[in-house]
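Here's the structure we're looking at; comments come further down.
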Number of protein chains: 4
Amino acid sequence: MADRAREPAGAAVRRPEITAAVLDAVVRELSEVGFGRLSVEGVARRAGVAKSAVYRRWNSKLEMVLELLSGMVSRRISLPDKGSLQADLTMVVDILSTVLEHPMAKNVLPDLLAEAARNPQIETTLHAAIQAAQRDVGDLLVSRAVDRGELPGTVDRELLTDLIAGPLYWRISVMRSHVPPGYADQLSEAIRCAVQAASRTGLAPH
Amino acid sequence: MADRAREPAGAAVRRPEITAAVLDAVVRELSEVGFGRLSVEGVARRAGVAKSAVYRRWNSKLEMVLELLSGMVSRRISLPDKGSLQADLTMVVDILSTVLEHPMAKNVLPDLLAEAARNPQIETTLHAAIQAAQRDVGDLLVSRAVDRGELPGTVDRELLTDLIAGPLYWRISVMRSHVPPGYADQLSEAIRCAVQAASRTGLAPH
Amino acid sequence: MADRAREPAGAAVRRPEITAAVLDAVVRELSEVGFGRLSVEGVARRAGVAKSAVYRRWNSKLEMVLELLSGMVSRRISLPDKGSLQADLTMVVDILSTVLEHPMAKNVLPDLLAEAARNPQIETTLHAAIQAAQRDVGDLLVSRAVDRGELPGTVDRELLTDLIAGPLYWRISVMRSHVPPGYADQLSEAIRCAVQAASRTGLAPH
Amino acid sequence: MADRAREPAGAAVRRPEITAAVLDAVVRELSEVGFGRLSVEGVARRAGVAKSAVYRRWNSKLEMVLELLSGMVSRRISLPDKGSLQADLTMVVDILSTVLEHPMAKNVLPDLLAEAARNPQIETTLHAAIQAAQRDVGDLLVSRAVDRGELPGTVDRELLTDLIAGPLYWRISVMRSHVPPGYADQLSEAIRCAVQAASRTGLAPH
DNA sequence: ATGTAAGCGAGACGGTACGTCACGTCTTCAC
DNA sequence: GTGAAGACGTGACGTACCGTCTCGCTTACAT
């Protein structure tokens, strides 16, 4: 079964290697000059492709970047059960550290977030993706911990994910400093204590 | 008598109302279009001033923004002793929340951080200011808590400040969601437990 | 039975109605936009035909136009003997007027001549055709006039044809004004006197 | 008295050497690629000038070319009295030959004439200029000849100018052949006989 | 009071990118 | 093999900004 549509007949087809080259160039341009100075002209030049080939696919640099975003956030990560809340937390912290340390995330993410403050479409796409990932991870960790009896069901999932993502993003992307050895253990231990304490206080999750 | 006297000789003088109008326009432009799209032309237009008047004062938009930054970060905040680590933490969390919720911080900070990834001068200025503030606050909180016997001297100050700034920045500036009532209490309680736990483990601060 | 049969073998054949439609479209395009703006794309569009069908027949717009030219200039015109040089001249002037007044000549000829200044192939084709026609007509008129004793054999044929074609082309194609009634008579009378005078002077034809 | 306007105040001024460089480039482009392929981009490139500098002066290539035309056709030529119609004619024929043989005229004129067939503004400008020149020359030659008694006042001025301009334009610009030595004498002699004959016939000028 | 150096506005200039259009070439498909 | 469809690279369009620079006018100090 040919993947390629059977439409009109004898129709020329968007060449996928060109699409790929352009999206790749977008990533590189984004990290070098930012979204504000990103230009279709520059992307086309860098991709070794004609401007018209770019405009045939997307009407603006916004659509281009949104498609790139969609492609990037759609990947799911598997999180095996490590046997304890502490170990699960360490695993998540390690993974997130690695992701945020990646040059792409370090260079492109702050830029998209800054642009999201001005562009509702970017904000929506970006936040939806982050929130989905956070909810998945939060639910998984909490349900395992509750099953193990490590946490009560009342635990505030939002606080948990803020405590995981916040410090790492702050340290890596904002302060642009490295995560020292042992930081993951220390942080996950702190998070575990914090959420256990918070869930004990009986403060109703907001 | 004139404050501005003693210049070379027979010199016309930079009109201060123009300087002020331009800096004001820079702030508004920054929050509307970001650093990437910020232009001297746009700033001059918005300030109702000729481009040459701007370029006479700063050689580039970078110098302009750096001067603006320097003026903004030099303010010190007083942190009265609230009597307990928990209360001190709540105070700091409240203050930081208020600062980050301010439209200026919400709109301009992400943009400058994104640009800092590409511009060493911005990175240096910005990070120096943030780190100084963090160190001040961290030292103050920890020394009081150690005096009160709430924390051992071994507590990791960096982890502490990451745990304060990270979740708030993540929630407010990254996710652009509001801080719900009670969040400050919950977060400060969590932070207190976390740092106490971390300092108990005897993990050497990195 | 098929009119187009007997080609190589199992081979599809250039459909003549497409060839005709294209050439027809070339003429219309030429007179509307000129040679400079003439494009295979435009011709194909106007002919309701795919670009590839055109390019399979000619490699460029130049070949296309040259084929068109060759087809047009190959027609011979009969010039009956009118009995006197004056009458013969009037006939030729009338015929040439009619030809030059034709919209096709008025619109396309100046364009091809302009292009000939830049394109040797067009120049060659065009000038060869014009010169052949001029020589034919000149020889015919002169030989009849010499036979009648109206002109000596020394008459300068080039001057004659310049005096016929020049004023008419100037008035019709350059100045784009109409030929008023009586102009043909007046012009042919003038030409007759002129060539008779010129041949009397004994100036050797150059 | 400063030629330069006293307008707004402190206003920057179109630099005349740029205007000149552009117009010069227009001439060269026109003769190389013709009006159809003339592009503002190409002109600016050839003039070593920014496209914006061109568009600041003219809104389109048409305006540009029209200004060029106006500048070119406004020159008046002095025609001293040579003492006889024959000598006057020879002088005019010589001058016109020289003008038409000039590369500018040979390359640019046919192109503008071809474009005039499609563009009323070019047609108007061009024909007005040509007709004015023709009328001036015609009137001058005829009035002198009438004063001398060489021609009756009834002579048809249009026929005269057609007989001068037509053969020369045909030979030089259309056929692109050279004017042989003696051609000017031969032609002027022919023209003199022709107009004398035409004016004798009593044919009313149309 | 006057000379003069600087401030200031206006805007021309060389650039770059915009998003669109048109074109010649080339590939793919249906017939 | 023919013809249709259309993707592709190229290049020009006319516009919009931008940073630089030059130019008059104005201002305010120093003589």
Side-chain angles (χ1 to χ4, degrees), chain A residues 2 4 6-15 18-19 37-45 48-57 59-61, chain B residues 2 4-15 18 37-45 48-57 59-61, chain C residues 7-15 18 37-45 48-57 59-61, chain D residues 4 6-15 18-19 37-45 48-61:
Chain A
R4 191 173 285 163
R6 194 52 58 88
E7 292 133 36
V13 150
R14 301 277 158 81
R15 281 158 51 191
I18 287 186
T19 305
R37 291 208 191 286
L38 182 75
S39 73
V40 173
E41 194 116 5
V43 167
R45 192 160 42 230
V49 144
K51 224 178 7 160
S52 53
V54 178
Y55 278 109
R56 211 168 280 126
R57 291 168 168 75
N59 287 325
S60 65
K61 69 173 181 177
Chain B
R4 59 169 86 129
R6 218 52 54 82
E7 302 281 327
V13 147
R14 304 271 161 84
R15 281 159 48 193
I18 287 186
R37 290 199 203 287
L38 182 75
S39 72
V40 172
E41 177 113 9
V43 168
R45 191 165 36 234
V49 146
K51 276 187 288 184
S52 53
V54 179
Y55 276 106
R56 209 167 283 119
R57 290 167 169 77
N59 286 324
S60 65
K61 69 172 181 177
Chain C
E7 301 283 324
V13 147
R14 301 273 161 84
R15 282 158 47 194
I18 287 187
R37 290 198 202 287
L38 182 75
S39 72
V40 173
E41 177 113 9
V43 168
R45 192 165 35 235
V49 147
K51 276 187 289 184
S52 53
V54 179
Y55 276 105
R56 207 166 279 121
R57 289 169 169 77
N59 285 323
S60 65
K61 69 172 179 177
Chain D
R4 188 173 287 159
R6 195 51 58 88
E7 292 134 34
V13 151
R14 301 277 159 81
R15 281 159 51 191
I18 287 185
T19 305
R37 290 210 191 285
L38 182 74
S39 74
V40 173
E41 194 117 5
V43 167
R45 192 161 40 230
V49 143
K51 219 178 13 163
S52 52
V54 178
Y55 278 110
R56 212 170 278 125
R57 290 169 169 73
W58 307 278
N59 287 323
S60 64
K61 68 173 182 176

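A note on names: the letters A, B, ... follow the listed sequences, proteins ahead of strands, and every chain is numbered from 1.
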Contacts of D:Ala50 and B:Arg15 projected onto DNA chain E by closest heavy atom; the upstream (5') one is B:Arg15
Interatomic distance, B:Lys61 NZ vs F:dC18 P [rounded to whole Å] | 10 Å
Please give, in whole Å, the distance from F:dA7 C1' to A:Arg57 CZ?
-> 8 Å
Could you tell me the separation between the CZ atom of A:Arg45 and the P atom of E:dT16, rounded to a whole number of Å?
-> 9 Å
In terms of heavy-atom contacts, D:Val40 and D:Lys51 come closest through CG1-CG, 4.1 Å
Applying side-chain contact (heavy atoms from CB on, under 4.5 Å) to B:Ser39 and not counting sequence neighbours gives B:Glu41
Using a heavy-atom cut-off of under 4.0 Å over every strand shown, decide if B:Gly42 touches base, sugar-phosphate, or nothing.
-> sugar-phosphate
For atom CG of C:Leu38 and atom P of E:dG24, their distance in whole Å = 8 Å
For C:Arg57 and C:Arg14, indicate whether the former's side chain and the latter's backbone hold a donor-acceptor pair under 3.5 Å.
-> no
Output one line per pair: protein atom, nucleotide atom from nucleotides 25-27 of chain E, and distance, for all N/O pairs under 3.5 Å.
residue, atom, partner, partner atom, Å
E:dT25, O4, C:Lys51, NZ, 2.9

C:Arg14 side chain near F:dT2 phosphate (N/O to OP1/OP2, under 4.0 Å) = yes
Terminal helix-axis angle for the helix from E:dA1-F:dT31 to E:dC31-F:dG1, with five pairs defining each axis and rounding to 10 degrees | 10°
Residue mapping more 5' on DNA chain F - nearest nucleotide basis, A:Arg56 or C:Ile18 | C:Ile18
Closest nucleotide of DNA chain E for A:Ser39 versus for C:Val40: which of these residues is on the 5' side?
-> A:Ser39
